[in-house]
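Excluded from the calculations below are hydrogen atoms, water molecules and symmetry mates; all remaining heavy atoms, backbone and side chain alike, are included. If you're wondering where the values come from, they're calculated on a predicted model, not measured in any experiment. Residues: numbered from 1 along the sequence shown.
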Amino acid sequence: MSAHSPAAPRFGRALEHDSVLHRRNPTVRLLVLLAVSSVLLVPVDIATPSLVGLALVPAAVAAGRLPMRTLVTTCAAFAPFACSLLAVNAVTREGEVVAQVAGLEVTRTGLVVGASLAVRTLVVGALAVVFTTTTDGPRLMTSLHQHARLPARVTYAILAGYRVLEGLPDAWTTIRRAQAVRDPTRRRGAPLPRDPASLGRAAFALLVGALRQGERLATTLQLRGLGSGPRTVHRPVRLGPADAVLVLVTLGVCALVVAATSRAGWLLTWSTLG
C-alpha cells in the first residue's frame, strides 16, 4: 500500500484534527458501531434506543471533537426516513386504535414500534456520522488489511467507495451551480432553483457522475496490478489496550441500558410484542 497514493494529503490533514476517536483503531470502531446497531435490533420500545443514544452520541461527539451543529446538520438527512418509519408502522400494525388520520387507523402498537424504529434510525445514523467524520480512509483501509485480514483487492475497493461518498457533497454543489449558470431566466444572486424538476436532473447527474467515477477507479486499480501479489503496509495502525477499553465501555453501556429497561419493565422485544 503505497504512501504516495492520492489519499496521502488527506491522511496528513486528519492527523491535524486529533481526538480520542481519531487515535483509536478504525477496524475496532467499525466493529463497535456494528455491535451497537445489532444490539438495537432487539428492542422495539422507545426507552432503550433513546437511553443508548443519550449515553453514546454525546460521548462520541465529545471524544471526536465534533461541533454539535455539524452533527445535527448531517443527521438531518436521516429524519425523513425516521418519520416514514413512524408513519408506516403507525397505520399498518394491528392493535388498539387510538386515532383516525385520513381514514387510516393509528394503533398504539404501531406508534410504539414506529417510534422505536425512528429513534433507532437517528441513533445509528448519528453514530455512523461520527464514525465517518473521524475516520481517515487510508487508515481504515490499512487497518482492515492489517487486523481484519481482508485482501488488498477488498480494502482498496472500500477506499475507492469511501472516496466516492466523500466527494458527493462537493459534486452536488458543483452540479447545482452549473444548473444555475445555464439557466437563462435566473437573475444574478438569486437562490438556486429547488423545484422537483431541477432537483431530479441534479440527482440524475450526480448518479451518473458517481458511476463513471467508480468505473474509472476500477480501471485504474486494475492497471496498477491490484491483487496481483502480496502487498506491504507502509504505515501500520496500532491496536492497543485503549481500543479494548473502547469496546468494553461501549458494550458495557449498552448492556447496562438493556438491563435497566428490562428491570424497569420498559423493555419490549419482537417476541414479547407478538
Distance-only, no hydrogens or angles: does the [X] side chain make a donor-acceptor pair with backbone N or O of [Y] under 3.5 Å?
X      : Y      : answer
Thr132 : Val129 : yes
Arg176 : Leu199 : no
Ser84  : Phe81  : yes
His147 : Val237 : yes
Asn89  : Gly114 : no
Arg24  : Val20  : yes
Thr173 : Pro169 : yes
Trp172 : Ala202 : no
Arg149 : Gln146 : yes

Just wondering, do [Y] and [X] contact through their side chains at under 4.5 Å, heavy atoms?
X      : Y      : answer
Phe131 : Val32  : no
Val36  : Cys254 : yes
Thr48  : Val258 : yes
Ser116 : Pro49  : yes
Met141 : His145 : no
Val97  : Val106 : no

Could you tell me which non-hydrogen atom of [X] sits nearest to which non-hydrogen atom of [Y], and how far apart they are?
X      : Y      : result
Arg108 : Val98  : NH2-CG1, 3.7 Å
Arg29  : Leu21  : NE-O, 3.1 Å
Asp243 : Gly240 : OD2-N, 2.9 Å
Thr27  : Leu144 : OG1-N, 3.4 Å
Gly110 : Thr107 : N-OG1, 3.0 Å
Ile46  : Ala115 : CD1-CB, 3.6 Å

Greater than 12 external heavy atoms within 6.0 Å of [X]'s [atom1]:
X      : atom1 : answer
Trp266 : CH2   : no
Gln213 : CD    : yes
Arg23  : CZ    : yes

Out of Val88, Val112, Val44, Leu85, which residue meets the side chain to side chain contact (heavy atoms under 4.5 Å, CB included) rule with Leu117?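 Answer after filtering Val88, Val112, Val44, Leu85: Leu85.
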Applying side chain to side chain contact (heavy atoms under 4.5 Å, CB included) between Val61 and each of Leu66, Leu56, Thr133, report the one that passes.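 Answer after filtering Leu66, Leu56, Thr133: Leu66.
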Would you say [X] and [Y] are hydrophobically clustered, going by side-chain heavy atoms of ILVMFWY under 4.5 Å?
X      : Y      : value
Leu51  : Val130 : yes
Val253 : Leu33  : yes
Val72  : Leu122 : yes

Evaluate the criterion side chain to side chain donor-acceptor pair (under 3.5 Å) for residue pair Ser143 and Asn25; output intermediate values, then yes/no. CA-CA 7 Å; Ser143 179; Asn25 189 289; 2.7 Å; yes
